[in-house]
Amino acid sequence: MHFSKLFIPTLKESPADAEVISHKLMVRAGMIRQLASGIYSILPLGLRVLRKVEQIIREEMNQIGGQEVFLPSIQPAELWMESKRWDFYGKELLRIKDRHNREFCYGPTHEEVITDIVRREIKSYRQLPVILYQIQTKFRDEVRPRFGIMRGREFMMKDAYSFHADEEDTRHTYSQMAKAYSNIFKRCGLDFKQVQADSGTIGGSFSHEFAVLADSGEDDIGFCESCGYASNLELAGSKPPAASTPPAAPQDLKEVETPGKKSVEEVAGFLNLPARQIVKTIILENENGLVAGLVRGDHEINPVKLKNLIGCEWLLPAGEEAISRHPGLHCGYVGPVGLDLPVYADHEIFALHDFVTGANKPSAHFTGVQVERDFKVKQFGDLRTVKVGDPCPHCEEGKYQVKRGIEVGHIFILGTKYSSLMKAVYLDQQGKESAMVMGCYGIGVGRTAAAAIEQNHDDRGIVWPLNLAPFQVIIIPVNYSDDEVKNACDTIYDRLQEIGIDSLLDDRADRLGVKLKDADLIGIPLQIIIGPKNLSAGQIEIKIRKTNESELRPYPQVIEDIPGILKGL
RNA sequence: CGGGAUGUAGCGCAGUCUGGUAGCGUACCUGCUUCGGGAGUAGGGGGUCGGAGGUUCAAAUCCUCUCAUCCCGACCA
């Protein structure tokens, strides 16, 4: 392509509304423009990058037997009512009506549609398994879209769905998917981790997230550097406590006055005890009412873990108002002793003796509290959020590190959640009818490109990984109106086209500085700079975007070296 | 949805407090010079000051409503 013919509106200054570097650079590089909040137009340079990501995805999906389809973006409400998500999905689901006043939504995901297709067409175990995928525009009406294309409302996503006769076969495909995802993100040049994840509203039993490590990420990823275990922090496992011997003479339960001492710090300071001797009692609310969660004073309760332990539909911290409505609860003085709510306790509590809790009356705490003797726990479990430095639950000596991550991919085993509700069934060898077991697997295409920029940029602009670069090579004439220079540029350009290397020839009449700044900004991995002085000495300049290193090479011999130079990048 | 902020030329901003002919930088067009890291110079085009209503002799500026965008939080994944 010739630069003068391409629509690449680059900008010197960052737009005022951009916060993260990838957003700023994508706008400055002329890749995207905002149309409305969270809705972006993709310009030619941006589209080239997205197509590169898509192509890598297609190759890896096809490799494991995925078949590409293209499903409607507008979906009828009936389907969502069948899966019970019409009511459950909430305001994120963009609902629309047609001229007959029939209800539809703009698809935020496609489990319903794909399940509908498969249940109509697939009847026998002989037709299973099947893996279908698409690359589609989705819409999720996020409360607060941000970070440009990284978290828009409208976005491009690859979503794949697999259907199986049993769980074991699903797991097989799941692990193939995990491998394919690793391949994809590796080919995209990303530094990522496969982490254990919660399945959220998509539902299902088993799930991993692919997170690109970057400070601008919205997820906290906990991982162990010795054994490689990694998990979304919201469900990263904590190591169970070592068995502790109870003291020979446990203290008696004793009530102490603690006026105005509500927080763990205040109580610990007042009683001159470490925070770990205090037990925090957190009141949460789910569809069945209030429950109490216990964690050590120096720990934080993790509602996601507690929700999973209880197995309830939803669970949120109860507000002060809900707490004060319940007789016997006093904010800041809540404790498990004599509490008429189900009590769930973190496993650390099991190893604790002679601790302090609220006394369920204003301005008082108990000391010398013992589990079992003074109160009953409905269930113990791993209920706390792990922190940097906590011991890894999967190896002996490892400790948790925590970094921010951008979720670029997510894979789930859905089980029969959708197939049973929507009657996607097949007949097995015995002629018995069963619900198909499903998996679902998503990749944010635009987000992957944005994440690549978050990880690969410098103060001059984007530094594209070779496989995502909109062009692999940019040819920059110092002066394209010079016949010798033009001739050399055209020769190189034509030759690169012949051997299948995508290159961009900056034929604009601008000064060299302008062209170099733009080349740096848009991040083409290899720059070839051709000027009359060097050329008359039989040389041209080759410059690596990433390292900013340049060297003179003999022309025209250098042309045939270019594929090799690119390979080395 | 709660808290905060901002809408003035394509982009980045000043002007608003204290009402009085709409400005700067950049980008764009033309001429001349320049030409290996965002040139210099002279000239030029481009604005319903987000929208509606109000106060006033007079509103970008004051008042009311409204729309949009962004930030923090909650939410989502």
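Note that this is a predicted model, so its numbers are computed, not measured. For the numbers below, each heavy atom of this structure counts, side chains included, while hydrogens, waters and symmetry mates do not. Residue numbers begin at 1 in each chain, while the letters A, B, ... track the order of the sequences.
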Quiz item: What salt bridge (charged side-chain N to carboxylate O under 4.0 Å, His left out) pairs are there with at least one residue in residues 12-22 of chain A, not counting sequence neighbours?
Solution: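 Qualifying pairs: none.
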Exercise. Return each pair, listed once, that meets ring-ring contact (aromatic ring centres under 6.0 Å, His included) where at least one residue sits in residues 535-554 of chain A; pairs must be two or more places apart or across chains.
Key: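 For residues 535-554 of chain A, and leaving out neighbouring residues, there are no ring-ring contact (aromatic ring centres under 6.0 Å, His included) pairs at all.
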Quiz prompt | Qualifying ring-ring contact (aromatic ring centres under 6.0 Å, His included) pairs, either residue in residues 19-46 of chain A, two or more places apart | solution =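 Every pair satisfying ring-ring contact (aromatic ring centres under 6.0 Å, His included) with a residue in residues 19-46 of chain A: A:His23-A:Tyr40.
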Quiz item: In chain order, what residues pass the side chain to side chain contact (heavy atoms under 4.5 Å, CB included) check against A:Ile544, with sequence neighbours excluded?
Solution: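 Expected list: A:Leu526, A:Lys546, A:Thr547, A:Ile565, A:Leu569.
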Practice problem: Just jot down the side chain to side chain contact (heavy atoms under 4.5 Å, CB included) partners of A:Glu218, sequence neighbours excluded, or say none. | Solution: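 Partners of A:Glu218 by the side chain to side chain contact (heavy atoms under 4.5 Å, CB included) criterion, ordered by chain and then number, come out as A:Arg146, A:Phe147, A:Arg151.
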Practice problem: Strictly below 4.0 Å, heavy-atom distances to any atom of RNA chain B: list the hits from residues 507-516 of chain A, or just say none. | Solution: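 Within residues 507-516 of chain A, the residues near RNA chain B are A:Arg511, A:Leu512, A:Gly513, A:Val514, A:Leu516.
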Exercise. Have a look at A:Arg460 and say if it touches a base, only the backbone sugar-phosphate, or nothing, with a 4.0 Å heavy-atom cut-off.
Key: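 No contact.
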Quiz item: When all nucleic acid strands are considered with a 4.0 Å heavy-atom cut-off, which category describes A:Glu92: base, sugar-phosphate, or nothing?
Solution: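 Contact class for A:Glu92: sugar-phosphate only.
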Give me the distances for all protein-to-nucleotides 66-69 of chain B N/O pairs that come in under 3.5 Å?
residue: B:rU69; atom: OP1; partner: A:Ser37; partner atom: N; Å: 2.8
residue: B:rU69; atom: O3'; partner: A:Gln34; partner atom: NE2; Å: 3.3

Practice problem: For A:Pro532 and for A:Phe147, find the nucleotide of RNA chain B with the closest heavy atom, then tell me which residue's nucleotide is more 5'. | Solution: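 Looking at RNA chain B, the more 5' nearest nucleotide goes with A:Pro532.
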For [X], check salt bridge (charged side-chain N to carboxylate O under 4.0 Å, His left out) against everything at least two apart and list the hits.
X	answer
A:Glu285	none
A:Lys158	none
A:Lys280	A:Glu300

Quiz item: Is the number of heavy atoms from other residues, nucleotides or ligands under 6.0 Å of A:Glu103 CD greater than 12?
Solution: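 Check passes, neighbour count above 12.
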Practice problem: Can you run down the side-chain hydrogen bond (donor to acceptor under 3.5 Å, both in side chains) pairs that involve residues 521-540 of chain A, sequence neighbours left out, and say none if there aren't any? | Solution: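 Checked against side-chain hydrogen bond (donor to acceptor under 3.5 Å, both in side chains) - neighbours excluded - the pairs reaching residues 521-540 of chain A are A:Asp520-A:Gln527.
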Practice problem: Using Watson-Crick or G-U wobble geometry with both distances below 3.5 Å, tell me the partner of B:rG53, or none. | Solution: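 Base partner found: B:rC63.
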Quiz prompt | Phosphate-side-chain proximity, A:Arg144 and B:rC75, N/O vs OP1/OP2 below 4.0 Å | solution =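 Answer no for this pair, as no side-chain N or O of A:Arg144 is under 4.0 Å from OP1 or OP2.
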Practice problem: Going 5' to 3' through nucleotides 6-11 of chain B, assign each nucleotide B (protein heavy atom under 4.0 Å from a base atom), S (under 4.0 Å only from sugar-phosphate atoms) or - (no protein heavy atom that close). | Solution: ------
